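The structure presented is a predicted model; accordingly, all values stated were derived computationally and were not measured.
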2 protein chains.
Amino acid sequence: MTKVIQVAPPRVFSELKPWLQDHYQDLPKRLQSVAVFAMHNPEVIALNTVASISDQVGVTPSAMVRFAKSIGYQGFSDMQTVFQESMRHMPQPYAERLNSMQRSAGREQTVLSQFTQAAAESIARLEQNVAESALLRASEQLAQARMVYIAGQGRAEPVVTYLHYTLVKLGVQSVILSGMHHSMADKARMLKTDDVLLAISFSPYTANTRELVDICLLNKTKVVALTDSTLSPIARADDYHLEVLEEEVSGFRGLSATMCLALCLAVETGRVRAELDEKLNA
Amino acid sequence: MTKVIQVAPPRVFSELKPWLQDHYQDLPKRLQSVAVFAMHNPEVIALNTVASISDQVGVTPSAMVRFAKSIGYQGFSDMQTVFQESMRHMPQPYAERLNSMQRSAGREQTVLSQFTQAAAESIARLEQNVAESALLRASEQLAQARMVYIAGQGRAEPVVTYLHYTLVKLGVQSVILSGMHHSMADKARMLKTDDVLLAISFSPYTANTRELVDICLLNKTKVVALTDSTLSPIARADDYHLEVLEEEVSGFRGLSATMCLALCLAVETGRVRAELDEKLNA
DNA sequence: ACCCAAAGGAAATATTCATTCCAAATAAAC
DNA sequence: GTTTATTTGGAATGAATATTTCCTTTGGGT
């Protein structure tokens with residue numbers, strides 16, 4: 001009989017990883033293949049049958065069983081349960097919100113809980129303060145645009161990146177303006193009247209973004225703005241602006257609510273755009 | 001024979017949900033029990049056997065099969081694959097996400113409220129699942145680094161931008177790796193042993209980031225990873241990883257909880273770094 | 001109260017799948 | 001170069017599990 005590890009095998013996935021790293025060298029060739037595959041595609045191990053997996057790895061089914069046994073498991077199925085267990089993000093079907101609420105009430109605040117609480121509050125406020133209709137109007141503007149130009153600097157830049165990423169995935173043409181090394185005037189010249197500027201800016205409002213908005217409004221180019229207050233210089237009467245205010249924790253402001261709003265805006269734009277495209281084709 | 005739906009059954013979980021909401025009333029009592037359970041515990045359906053599930057629901061095995069067939073599936077196994085697919089985070093094409101969005105639109109939840117709710121839940125779960133100690137350990141690694149190299153692509157890129165922005169503001173030296181047009185090997189060569197790689201990656205995990213982590217670990221360079229599951233290939237035993245799972249709304253995953261965690265990480269790193277500097281000067 | 005159709009339960013059946021076994025191949029030892 | 005141990009592939013086996021069948025129960029309509 002092949003040498004089989006007699007000690008108890010890891011019952012959780014996080015312990016299995018280091019075990020494999022330690023013993024990888026001593027394993028037979030095929031078993032090494034399985035080990036690499038298992039670490040790179042644990043979901044496949046968790047969900048598929050021996051036949052299907054061994055096929056993907058490029059080994060025979062028996063190799064899978066040998067692999068499991070060489071670690072100390074009773075068989076493949078035994079090992080698979082370990083992979084499955086680490087997949088469940090289970091435990092809180094019931095009193096989940098209650099629980100975390102109670103905990104944050106009495107106990108002393110950890111760094112994490114402080115920030116999660118601030119984020120949760122920001123998001124709750126977002127839902128109250130932003131009208132669905134405003135979101136829809138902004139989305140319609142973006143959906144009708146020939147091209148969406150996105151601008152924003154500093155703390156707004158991650159939002160720019162995210163909006164660009166999502167819009168492109170949804171089939172809405174868009175370009176990031178912030179990265180380019182042009183003067184504001186040059187940038188503004190790029191925008192035709194059927195384009196739309198999507199400007200993101202938080203206080204302290206950077207001069208660049210503000211300037212860009214000014215020029216666009218002068219040129220009658222549509223502007224959709226995402227900002228943190230109606231007092232913001234980029235929130236003007238003749239543009240479409242959405243307001244999101246992040247709660248701050250000892251001077252730090254997050255982006256949780258902002259990202260949520262950004263996603264809403266992108267998805268809604270994608271939806272409206274799809275509707276428009278359908279009408280055109282009909 | 002019982003009446004069986006003849007049209008093609010939903011092949012993705014997000015379509016199954018609204019289907020059940022619509023037809024719930026017309027189902028026999030036992031099948032309703034199954035429906036409720038399935039919507040509340042999709043992981044159980046995905047991972048367990050008919051016998052085990054029916055036991056948990058409190059019905060007989062045949063009820064499970066009948067349930068699947070009444071929806072239009074060939075049998076339980078057929079339905080189970082749909083639940084399994086929803087577990088591996090394999091995304092569906094964006095066009096289809098918009099479709100399923102439209103179909104579930106009627107359910108009077110506004111777009112905004114759907115996404116804020118998902119964000120709030122993600123954040124609540126973040127607080128429960130991430131241990132303060134893990135956050136601290138990761139921060140210590142970053143704080144001790146001579147230089148922090150940040151890597152991440154696709155949906156992770158806004159997080160990269162944000163972390164870089166915040167870390168720099170806090171006086172922690174850091175560089176973004178993703179933008180550079182070097183081979184992975186070249187990038188890895190940049191990292192000295194007293195540097196730290198901060199890798200952000202969500203499923204489907206991009207090969208680039210994974211490769212970078214692999215190389216760094218081989219070179220004994222410290223790695224701090226931010227990912228969406230312990231099964232992620234970049235969550236390894238010898239790195240310091242933080243896990244954050246975003247709730248999805250009809251196929252769309254936000255970044256609200258992720259951004260919150262990123263901010264925590266950055267702030268905590270800044271704090272630890274300040275402490276270290278103080279000791280040096282004293 | 002009776003009948004009929006729909007629903008539910010329990011056990012038989014069929015299928016799928018993990019596991020085992022053995023022979024062939026490969027690598028190691030002498 | 002021969003022998004011995006280890007590894008490997010493929011088919012046979014047997015266990016686990018989904019599915020079907022049949023019979024009982026329930027509930028609504030007349």
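- dG8(C) atom C1' lies 15 Å from atom CG of L27(B), rounded to whole Å.
- Here dG8(C) presents its C1' atom at 16 Å from CZ of F67(B), a figure rounded to the nearest Å.
- With sequence neighbours left out, the salt bridge (Lys or Arg N to Asp or Glu O under 4.0 Å) criterion links E247(B) to R125(B).
- Across all non-hydrogen atoms, the minimal contact from D195(B) to T221(B) is O-CG2, 3.5 Å.
- Side chain of T49(A), nearest nucleotide from dC17(C), dG8(C), dA18(D): dC17(C).
- The side chain of P61(B) lies closest to dT19(D) when the candidates are dT19(D), dC17(C), dT19(C).
- The nearest whole Å value for the distance from the CD1 atom in I53(B) to the C1' atom in dA18(D) is 11 Å.
- The 12-atom threshold is exceeded at CD of Q56(A), counting heavy atoms of other residues, nucleotides or ligands nearer than 6.0 Å.
- Y240(B) does not carry R137(B) over the face of its six-membered ring by the limits of under 6.0 Å from the centre and within 45° of the normal.
- The pair E268(A)-R271(A) counts as a salt bridge, with a side-chain nitrogen and a carboxylate oxygen less than 4.0 angstrom apart.
- For the pair Y73(B) OH and dT19(D) P, the computed distance is 13 Å after rounding to whole Å.
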Could you pull out the protein-nucleic contacts involving nucleotides 21-28 of chain D (nitrogen or oxygen on both sides, under 3.5 Å)?
none

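- Separating the CG atom of D26(A) from the P atom of dT7(D) is a distance of 11 Å, rounded to the nearest angstrom.
- Under a 4.0 Å N-O distance rule, the pair D277(A)/R273(A) qualifies as a salt bridge.
- The residue A63(B) sits apart from the nucleic acid: no heavy atom pair falls under 4.0 Å.
- Looking at K69(B) and D78(B), no side-chain N of the basic residue comes within less than 4.0 Å of a carboxylate O on the acidic one, giving no salt bridge.
- For T60(A), taking side-chain heavy atoms from C-beta onward, the closest of the listed nucleotides dG10(D), dG8(C), dT19(C) is dG10(D).
- Between the C1' atom of dA15(D) and the CD atom of Q80(A) lies a distance of 16 Å, rounded to the nearest Å.
- Here the C1' atom of nucleotide dT7(D) and the CG atom of L31(A) are 9 Å apart, to the nearest Å.
- The interatomic distance linking N48(A) (CG) with dA18(C) (C1') rounds to 14 Å, in whole Å.
- Look at K69(B) and you'll find a side-chain N or O under 4.0 angstrom from OP1 or OP2 of dT20(D).
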